[in-house]
Amino acid sequence: MKERCLVLMKPDALEKRITGLVVDRLERLELDIVACKTVSVTEDLIRKHYAHLAGKPFLESTVRYMMGDYNHIPNHKIMAFVFQGEDAVNKIRTALGATNPEKADPWTIRGSFGKFDKVADIVYNCVHASDHAEDAEREIALWFKPGEVLDA
Ligand code: ADP
């Protein structure tokens with residue numbers, strides 16, 4: 001089924017300069033980029049994005065991570081994309097690998113470039129992707145205005 005998926009280059013992906021590599025891998029899944037921009041994120045946006053983490057012990061450090069506090073990225077910068085195509089969510093999540101890079105297959109994006117800081121309990125997994133099609137629509141509405149997303 002043709003669907004959309006929000007993809008975010010997190011601050012560690014920007015610090016490692018792997019945005020192009022990640023986009024290259026995802027485009028090869030026969031998916032189209034239908035929106036793309038740099039965002040200076042606010043704490044409010046990150047908290048809304050990660051509303052499902054409410055009550056988790058790692059919520060605050062995840063917010064700080066997404067605000068760029070642990071990487072050398074100024075202006076709270078994140079790059080946001082919308083990919084569209086057949087089975088987009090499943091294809092992208094398979095290419096990313098497991099949430100914890102130590103559990104991700106080594107050839108996946110998170111397995112190749114992510115790391116888990118056990119002491120600080122921060123999962124640096126480089127890239128976010130929506131985890132199902134309905135949630136993708138909620139996330140896309142948070143990150144993009146309607147006119148910024150074009151149908152492929
Ligand atoms: P995913 O990003 O794979 O959809 P979740 O929605 O469960 O995973 O978690 C959102 C983000 O919160 C993760 O990408 C990661 O940055 C962080 N996170 C998840 N689980 C943990 C954990 N056990 N410890 C620290 N950070 C975590």
Side-chain angles (χ1 to χ4, degrees), residues 1 3-19 21-27 29 31 33-144 149:
M1 198 184 79
E3 60 192 15
R4 307 196 293 181
C5 184
L6 180 78
V7 171
L8 302 176
M9 301 300 158
K10 299 186 180 188
D12 52 329
L14 299 180
E15 187 177 36
K16 291 184 161 112
R17 299 180 189 245
I18 58 167
T19 300
L21 182 152
V22 173
V23 168
D24 183 47
R25 286 202 193 178
L26 300 186
E27 276 194 302
L29 302 173
L31 300 173
I33 300 169
V34 292
C36 162
K37 66 177 175 183
T38 55
V39 184
S40 180
V41 296
T42 61
E43 201 170 313
D44 183 56
L45 173 61
I46 299 303
R47 288 186 187 281
K48 283 182 179 144
H49 176 78
Y50 280 139
H52 67 286
L53 297 184
K56 298 278 187 198
F58 53 85
L59 172 62
E60 294 309 316
S61 56
T62 300
V63 172
R64 299 264 69 81
Y65 159 40
M66 294 295 282
M67 293 294 290
D69 289 4
Y70 307 134
N71 301 97
H72 300 94
I73 299 298
N75 301 317
H76 311 295
K77 179 180 164 191
I78 280 182
M79 290 201 70
F81 294 78
V82 180
F83 281 81
Q84 178 176 284
E86 286 296 316
D87 206 19
V89 168
N90 186 41
K91 280 181 181 170
I92 292 173
R93 295 219 25 129
T94 301
L96 291 193
T99 302
N100 181 344
E102 288 188 358
K103 296 197 176 142
D105 288 321
W107 55 86
T108 61
I109 291 163
R110 287 169 165 181
S112 302
F113 302 105
K115 71 172 188 215
F116 178 30
D117 179 342
K118 290 189 188 69
V119 178
D121 190 19
I122 300 165
V123 169
Y124 293 100
N125 55 13
C126 302
V127 185
H128 164 82
S130 314
D131 78 349
H132 48 82
E134 303 84 72
D135 210 37
E137 293 306 314
R138 181 192 73 87
E139 292 180 352
I140 290 165
L142 261 183
W143 287 81
F144 288 92
V149 186

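Just so you know, ligand 1 is whichever comes first in the structure, and atom 1 is the first atom listed for that ligand. FYI, side chains are in, hydrogens and waters are out, and symmetry mates aren't considered; it's all heavy atoms of this structure.
In terms of modelled atom types and a separation under 3.5 Å, the side chain of Ser130 and the main chain of Cys5 share no donor-acceptor contact. A donor-acceptor pair under 3.5 Å is absent between the side-chain atoms of Lys10 and the main chain of Tyr65, judged by distance alone.
The single protein non-hydrogen atom nearest to atom 12 (O) of ligand 1 is Leu53 CD1, 3.6 Å, given as residue, atom name and distance. Protein heavy atom nearest atom 17 (C) of ligand 1, with residue, atom name and distance: Thr62 OG1, 3.7 Å. The nearest heavy-atom contact from the protein to atom 3 (O) of ligand 1 is Thr99 OG1, 2.5 Å. Of the protein's non-hydrogen atoms, the one nearest atom 2 (O) of ligand 1 is Arg110 NH2, 3.3 Å.
In Arg93, the part holding a heavy atom less than 4.0 Å from any atom of ligand 1 is the side chain. Heavy atoms from both the backbone and the side chain of Asp121 come within less than 4.0 Å of ligand 1. The residue Lys56 has no part lying near ligand 1, judged by heavy-atom distances below 4.0 Å.
To the nearest 0.5 Å, atoms CD1 (Ile46) and CG (Leu53) are separated by 11.0 Å. Note: Met79 CE to Lys37 NZ = 11.0 Å, rounded to the nearest 0.5 Å. Summarising the geometry, atom CZ belonging to Arg47 is positioned 9.0 Å from atom CE belonging to Met67; distances are rounded to the nearest 0.5 Å.
Listed by atom number, the atoms of ligand 1 under 4.0 Å from Asn125 heavy atoms are 13 (C), 14 (O), 15 (C), 16 (O).
An N or O contact shorter than 3.5 Å links His52 to ligand 1 by distance.
Comparing Tyr50, Phe58, Phe116 against atom 22 (C) of ligand 1, the shortest heavy-atom distance belongs to Phe58.
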Show, in sequence, the C-alpha distance, side-chain angles and deciding distance for Tyr70 and Asp117, and conclude whether the side chain to side chain contact (heavy atoms under 4.5 Å, CB included) test is met. CA-CA 11 Å; Tyr70 307 134; Asp117 179 342; over 6 Å; no
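Salt-bridge annotation for Glu43 and Arg64: present, with a side-chain N of the basic residue lying under 4.0 Å from a carboxylate O of the acidic one.
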